[in-house]
Number of protein chains: 2
Amino acid sequence: MEDLQDILVRLKSTGIKNTKHRIRILEFLNQSHQPRSADEIYESLRQEDSSISLSTVYRAMDILVANELVNKVNFENGTKTSFEINRHIHHHFVVCLGCNKVFSIEGCPIHEYEHELEKKTGFKVVGHKLELYGYCKACQRQQKHKN
Amino acid sequence: MEDLQDILVRLKSTGIKNTKHRIRILEFLNQSHQPRSADEIYESLRQEDSSISLSTVYRAMDILVANELVNKVNFENGTKTSFEINRHIHHHFVVCLGCNKVFSIEGCPIHEYEHELEKKTGFKVVGHKLELYGYCKACQRQQKHKN
DNA sequence: CTAGGTGCAAATTCTTTGCAGAATA
DNA sequence: TATTCTGCAAAGAATTTGCACCTAG
């Protein structure tokens, strides 16, 4: 887990204002092992400060995403947008369709492919999104017990 | 473009009812070069039959997706769900961030990787989502002109 | 002090649902 | 005819916005 201090330094360097809500959002996401929805962030912050509003969370997410402190994630299953700390490490997600847990994997199998594609089609690739769906070990075990 | 007849045969074989709306939705998606939102489908059908309702479109999409005649697609940019004819050909999308056009590419660079991952982690992979984002030739040209 | 941030309530947008009537197999 | 589908209107969920007040720089 990246040190919160590093993230706060990055927050300062963006020039946007350094409010307690934003700090606590970054804190919460930094300690989360999963991407979190606006609602989850809201509920978490509300436990310490019941005056915060959900619209503040949405507005904070917008600006944190625009400043690359946070990434926006949309999974196939599940309707709402999630957010994760942007650690500037290229990675992808493995999503369990049994328990909806999200695992992060480093390394990327398609950088080479991007170059191939650019050469072949002339399309300029600036990014990509890859997610794998399936069943984690625990859910596979449960599945077997059911049969 | 797959023959509409083939698709209608598949529709029949599902056992779900063969209504004119469903046929026209499949027709529309079959001739589309891009995934379409429920709203786009609705607007298109409404030109010929103004009595159709948006909820019918949503309900039709549910059942067509469940019966594998249609795929559901969620892009990172853009908020609403889109739908495309399921041609049972494994493919991925290249999305232009300039004009929002969606190009389809056949072939998949990560099947091998899936196996590796399964061996390494024990996670059972049943599917994946891969999208590439960037700029198409036309938009790259425009970009240059602006500078 | 001033630009930018915030809470609240209301508005929007996308999607789902209940129900009574209509169409398909 | 029985089951499934449909239109309409209303409800719901997620997200955005207007406005008056507040706070960090």
Side-chain angles (χ1 to χ4, degrees), chain A residues 8-28 35-67 69-83 100, chain B residues 8-28 35-67 69-83 100:
Chain A
L8 297 184
V9 168
R10 289 206 270 132
L11 173 59
K12 274 226 157 121
S13 75
T14 62
I16 65 173
K17 281 190 182 168
N18 220 311
T19 70
K20 73 172 186 302
H21 291 329
R22 289 173 184 177
I23 293 169
R24 295 191 41 238
I25 287 171
L26 292 170
E27 218 169 324
F28 174 63
R36 299 294 189 181
S37 67
D39 198 64
E40 288 171 326
I41 296 167
Y42 171 64
E43 287 304 333
S44 158
L45 296 221
R46 216 159 64 99
Q47 288 178 11
E48 287 172 42
D49 174 357
S50 64
S51 81
I52 189 177
S53 90
L54 185 54
S55 52
T56 297
V57 175
Y58 277 109
R59 282 190 273 226
M61 297 334 286
D62 270 358
I63 200 165
L64 293 175
V65 168
N67 284 277
L69 287 153
V70 167
N71 294 324
K72 205 170 174 173
V73 190
N74 280 295
F75 294 112
E76 287 292 89
N77 58 334
T79 152
K80 33 190 168 177
T81 300
S82 294
F83 303 92
N100 280 309
Chain B
L8 297 184
V9 167
R10 289 205 271 132
L11 172 59
K12 272 226 157 121
S13 76
T14 62
I16 65 174
K17 283 191 180 166
N18 221 311
T19 71
K20 73 173 186 302
H21 292 328
R22 288 171 185 179
I23 293 169
R24 295 192 40 237
I25 288 171
L26 292 171
E27 218 169 326
F28 174 64
R36 300 293 190 181
S37 66
D39 198 63
E40 288 172 325
I41 296 167
Y42 170 65
E43 286 303 334
S44 158
L45 296 222
R46 216 159 64 100
Q47 289 178 10
E48 286 172 44
D49 176 357
S50 64
S51 80
I52 189 178
S53 89
L54 184 55
S55 53
T56 298
V57 175
Y58 276 109
R59 283 190 273 225
M61 298 333 286
D62 271 357
I63 201 165
L64 292 175
V65 168
N67 283 277
L69 287 154
V70 168
N71 294 325
K72 206 169 174 173
V73 189
N74 279 294
F75 293 112
E76 287 292 89
N77 58 334
T79 154
K80 33 191 168 177
T81 301
S82 294
F83 303 92
N100 279 310

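This one's a predicted model, so the numbers in the text were calculated from it and none came from an experiment. Each chain gets a letter, A, B and so on, in the order its sequence line appears, and its residues count up from 1.
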(request) May I have the distance from A/F83 (atom CZ) to D/dA14 (atom C1'), rounded to whole angstrom? (result) 11 Å

(request) Assign each of B/K72 and A/I52 to its nearest nucleotide of DNA chain C by heavy atoms, then name whichever residue's nucleotide is nearer the 5' end. (result) A/I52

(request) Using a heavy-atom cut-off of under 4.0 Å over every strand shown, decide if B/N18 touches base, sugar-phosphate, or nothing. (result) sugar-phosphate

(request) Measure the distance from CD on A/E43 to C1' on D/dA14 and round it to the nearest whole Å. (result) 14 Å

(request) Drop me the distance from A/L69's CG to A/S13's OG, to the nearest 0.5 angstrom. (result) 7.5 Å

(request) Rounded to 10°, tell me the angle between the two end axes of the helix from C/dC1-D/dG25 to C/dA25-D/dT1, each built from five pairs. (result) 40°

(request) Report yes if a side-chain nitrogen or oxygen of A/S55 is closer than 4.0 Å to either non-bridging phosphate oxygen (OP1 or OP2) of D/dT17; otherwise report no. (result) no

(message) Determine whether A/L26 and A/V70 satisfy the following criterion, side-chain contact (heavy atoms from CB on, under 4.5 Å), listing intermediate values before the conclusion.
(response) CA-CA 8 Å; A/L26 292 170; A/V70 167; 3.9 Å; yes

(message) Taking any atom closer than 4.0 angstrom to a non-hydrogen atom of chain B, what span of DNA chain C does the protein reach, first nucleotide to last?
(response) C/dC14 to C/dA25

(message) Given the structure, check if the side chain of B/T56 and the base of D/dC5 hold any donor-acceptor pair shorter than 3.5 Å.
(response) no

(request) Starting at atom CZ of B/R24, determine the distance to atom P of D/dT6, rounded to an integer number of angstrom. (result) 12 Å

(request) Locate the shortest heavy-atom distance separating A/L45 from A/H21; write the atom from each residue and the value. (result) CD1-O, 3.9 Å

(message) Counting the atoms with a prime plus P, OP1 and OP2 as sugar-phosphate, which does A/S37 contact under 4.0 Å by heavy atoms, base, sugar-phosphate, or nothing?
(response) nothing

(request) Rounded to the nearest 0.5 Å, what's the gap from CD on A/E40 to CZ on A/F83? Could you check? (result) 11.0 Å

(request) State the CG-CD1 distance between A/N67 and A/I16, to the nearest 0.5 angstrom. (result) 4.5 Å

(request) Whole angstrom is fine here: how far is it from NZ in A/K20 over to P in D/dA24? (result) 7 Å

(request) Measure from the side chain of B/K17, starting at C-beta and using heavy atoms only, and say which of D/dT6, D/dC5, D/dT15 lies closest. (result) D/dC5

(request) Rounded off to whole Å, could you give me the OH-to-P distance for the A/Y42 and D/dT15 pair? (result) 15 Å

(request) Would you indicate whether the side-chain heavy atoms of A/R22 and A/K17 approach each other to under 4.5 Å? (result) yes

(request) Rounded off to whole Å, could you give me the CE-to-P distance for the A/M61 and D/dA14 pair? (result) 16 Å

(message) Under 3.5 Å, is there any donor-acceptor pair linking the side chain of A/R59 to the base of D/dG18?
(response) yes

(message) Would you compute the distance between atom CG of A/L64 and atom CG of A/L11 and round it to the nearest 0.5 angstrom?
(response) 7.0 Å

(request) Nearest whole angstrom, please: distance from the C1' of D/dA14 to the CG of A/D62. (result) 13 Å

(message) Can you measure B/K80 atom NZ to D/dT15 atom P for me and round it to whole angstrom units?
(response) 15 Å

(message) Looking at D/dT15, I'd like to know if its phosphate oxygens (OP1 or OP2) sit under 4.0 Å from a side-chain N or O belonging to A/T81.
(response) yes

(request) Using a heavy-atom cut-off of under 4.0 Å over every strand shown, decide if B/R22 touches base, sugar-phosphate, or nothing. (result) sugar-phosphate

(request) Compare the minimum distances between each of D/dC8, D/dC5, D/dC19 and the side chain of B/I63, then state the nucleotide with the smallest one. (result) D/dC5

(request) Supply the atom-to-atom distance B/E76 CD to A/T81 OG1, rounded to the nearest 0.5 angstrom. (result) 8.5 Å

(message) Rounded at 0.5 Å granularity, tell me how far CG in B/L54 sits from CG in B/D39.
(response) 6.0 Å

(message) If the threshold is 4.0 Å, N to carboxylate O, is there a salt bridge linking B/E43 and B/R46?
(response) yes

